[in-house]
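To start, the structure under review is shown below, and the notes come after it.
Letters go in sequence order (proteins before strands), and every chain restarts at 1.
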Number of protein chains: 2
Amino acid sequence: MSLEYILLGMLDQPASGYDLKNEFEQGTRYFWAAELSQIYPTLNRLEERGWLSSRTEASARGPERRVYKRTAKGEKELFQWVRSGPAMGTERFAYIGQLIYMSQLNDLDATREFLTRLRADLAERTQFLKSVHKAVEEIPGFPDALGEADFHNYLALHIGVETTAARLRACDACLRMVQRRLQREASHV
Amino acid sequence: MSLEYILLGMLDQPASGYDLKNEFEQGTRYFWAAELSQIYPTLNRLEERGWLSSRTEASARGPERRVYKRTAKGEKELFQWVRSGPAMGTERFAYIGQLIYMSQLNDLDATREFLTRLRADLAERTQFLKSVHKAVEEIPGFPDALGEADFHNYLALHIGVETTAARLRACDACLRMVQRRLQREASHV
DNA sequence: CCACGCATGTAATAGGTTACATGATTTA
DNA sequence: TAAATCATGTAACCTATTACATGCGTGG
């Protein structure tokens with residue numbers, strides 16, 4: 001289960017389930033999503049397994065917090081995972097299926113609309129990633145002075161930005177092709 | 001459940017569970033994966049729901065085949081799905097997490113190796129998609145003479161090719177950055 | 001006093017993987 | 001005769017989503 005390792009990776013600093021949920025919402029969500037209802041049982045399981053330890057502490061406001069810390073065993077498992085080679089191949093892209101099977105509608109205008117909506121989503125995503133990416137580039141002494149964490153984060157962001165930007169351009173190219181086809185259709189009626 | 005709709009989309013021609021599994025392995029797997037053990041119960045569920053009908057027929061070789069056909073109700077549901085707008089946002093990329101948390105190893109050489117492996121995977125994927133993409137471009141009369149199915153398939157392939165190609169280039173850029181950092185490390189010891 | 005943010009969880013359901021079970025026909 | 005391909009499925013388990021349940025403290 002990858003979520004276990006993602007949580008382990010986030011826990012280079014002690015944190016509560018609630019803290020981790022916020023981290024997911026800050027930026028992690030661009031490559032992984034998780035709900036509190038999945039995070040809490042996973043943290044408990046990880047503790048039972050001895051990969052994490054926890055202590056409760058008072059909160060500045062609100063109820064008691066349960067703060068988790070990665071154990072030596074947990075660190076070892078994380079390191080094994082990251083060294084085990086890229087975990088690829090199970091990605092699922094429902095919207096590509098939608099685009100393909102949309103051919104059966106025989107309604108090119110629906111395809112145009114679909115791509116327009118897709119374009120908007122991609123533009124937003126690209127925008128967000130670009131802004132974080134640029135923020136790292138503006139750290140004084142970039143890139144040599146970056147710490148390992150910032151450097152690796154930058155690498156991940158670079159892949160993310162380039163990928164979504166390319167997808168956005170491809171989406172625009174598709175829209176142009178659809179547009180051309182729609183015009184041809186109109187002129188042949 | 002998107003698999004239900006993917007199967008519905010594939011069933012513009014009658015087919016058996018086994019046929020559909022082959023289709024997944026031919027190319028569908030580049031945007032969606034499914035095992036027979038998931039396909040069979042899903043087809044049964046779809047039939048119970050009245051979205052598919054089935055009849056058994058003798059096989060050229062091997063046991064009897066159960067061939068599914070999409071019903072009018074099933075078509076209606078498929079069309080509703082494709083018209084409901086891009087289904088995005090739940091994609092999970094474990095390898096991005098691996099790359100990010102790899103910073104905690106403090107072993108840039110491991111990062112280099114990781115990216116090298118990632119590069120190989122991406123190159124293979126890009127190669128495959130490019131070959132199918134090119135095959136569509138070489139259909140006589142491209143693009144105007146393409147049927148709707150081929151045209152939409154081409155759009156999907158275009159997005160796929162451009163995305164993986166960009167990711168491949170980004171991966172190479174990352175490798176160069178790591179290389180530079182490794183050299184700097186060596187010269188500072 | 002009510003809404004919001006902090007904080008923890010459980011239960012029911014849905015979606016997906018791996019392993020197991022069975023048996024026919026063809027080709028080497 | 002052994003392996004590969006055709007063909008259908010079940011069972012156990014793991015992963016993830018949605019809905020529900022609870023309660024404190026602060027600011028408007």
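- With sequence neighbours excluded, no residue satisfies salt bridge (charged side-chain N to carboxylate O under 4.0 Å, His left out) with A:Asp150.
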Interface polar pairs with nucleotides 25-28 of chain D, N/O, under 3.5 angstrom:
none

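- Contact check of residues 77-84 of chain B against DNA chain C (heavy atom, cut-off under 4.0 Å) returns no residues at all.
- A straight line from CD1 of A:Ile6 to P of D:dT15 spans 13 Å, rounded to a whole angstrom.
- Projected onto DNA chain D by closest heavy-atom contact, B:Ser59 and B:Thr90 fall at different nucleotides, the more 5' of which corresponds to B:Ser59.
- The side-chain hydrogen bond (donor to acceptor under 3.5 Å, both in side chains) contacts involving residues 22-43 of chain B comprise B:Lys21-B:Glu25, where partners must be two or more places apart or lie in separate chains.
- Expressed to the nearest 0.5 Å, how far CD1 of B:Ile6 lies from CG of B:Leu78 amounts to 9.5 Å.
- Look at CG on A:Leu7: it is 10 Å from P on D:dA16, rounded to the nearest Å.
- Distance CZ (B:Arg92) to P (D:dC14): 18 Å, rounded to an integer number of Å.
- With sequence neighbours excluded, the residues that form a side chain to side chain contact (heavy atoms under 4.5 Å, CB included) with A:Val67 are A:Pro14, A:Arg55, A:Glu57, A:Arg65.
- Near-neighbour residues of DNA chain D inside residues 27-45 of chain B, defined by a heavy atom below 4.0 Å, number-ordered: B:Leu36, B:Ser37, B:Tyr40.
- A heavy-atom distance below 4.5 Å is found between the side chains of A:Tyr5 and A:Trp51.
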Under 3.5 Å, side-chain donor or acceptor atoms of residues 85-103 of chain A against the rest of the protein: list the pairs with distances, not counting sequence neighbours.
residue, atom, partner, partner atom, Å
A:Glu91, OE1, A:Gly89, N, 3.4
A:Arg92, NE, B:Ala33, O, 3.4
A:Arg92, NH1, A:Thr90, O, 3.4
A:Arg92, NH2, B:Ala33, O, 2.7
A:Tyr95, OH, A:Arg167, NE, 3.1
A:Gln98, OE1, B:Ala87, N, 2.9
A:Gln98, NE2, B:Trp81, O, 3.2
A:Gln98, NE2, B:Gly85, O, 3.2
A:Ser103, OG, A:Ile100, O, 3.0

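- Checked against side chain to side chain contact (heavy atoms under 4.5 Å, CB included), B:Gln80 has the following partners two or more places apart in sequence or in another chain: B:Lys76, B:Glu77.
- Heavy atoms from other residues, nucleotides or ligands lying under 6.0 Å from CD of A:Glu113 number 12 at most.
- An angle of 20°, rounded to 10°, separates the two end axes of the helix from C:dC1-D:dG28 to C:dA28-D:dT1, each defined over five pairs.
- B:Lys21 places its NZ atom 13 Å from the P atom of D:dC6, with the value rounded to the nearest Å.
- Once you apply a 4.0 Å limit to the heavy atoms of chain B, the touched nucleotides of DNA chain C run 5' to 3' over C:dG15 to C:dT26.
- In terms of modelled atom types and a separation under 3.5 Å, the side chain of B:Glu4 and the main chain of B:Leu46 share no donor-acceptor contact.
- Evaluation of the side-chain hydrogen bond (donor to acceptor under 3.5 Å, both in side chains) test over residues 177-186 of chain B, restricted to residues two or more places apart or in two chains, returns A:Glu148-B:Arg181.
- Between A:Lys69 and A:Leu11 the shortest side-chain heavy-atom distance does not fall below 4.5 Å.
- Regarding A:Tyr18, its OH atom lies at a distance of 19 Å from the P atom of D:dT22, rounded to whole Å.
- Applying the ring pair (Phe, Tyr, Trp, His ring centres under 6.0 Å) rule to pairs touching residues 136-183 of chain B yields B:His133-B:Tyr154, B:His133-B:His158, B:Phe142-B:Tyr154, sequence neighbours excluded.
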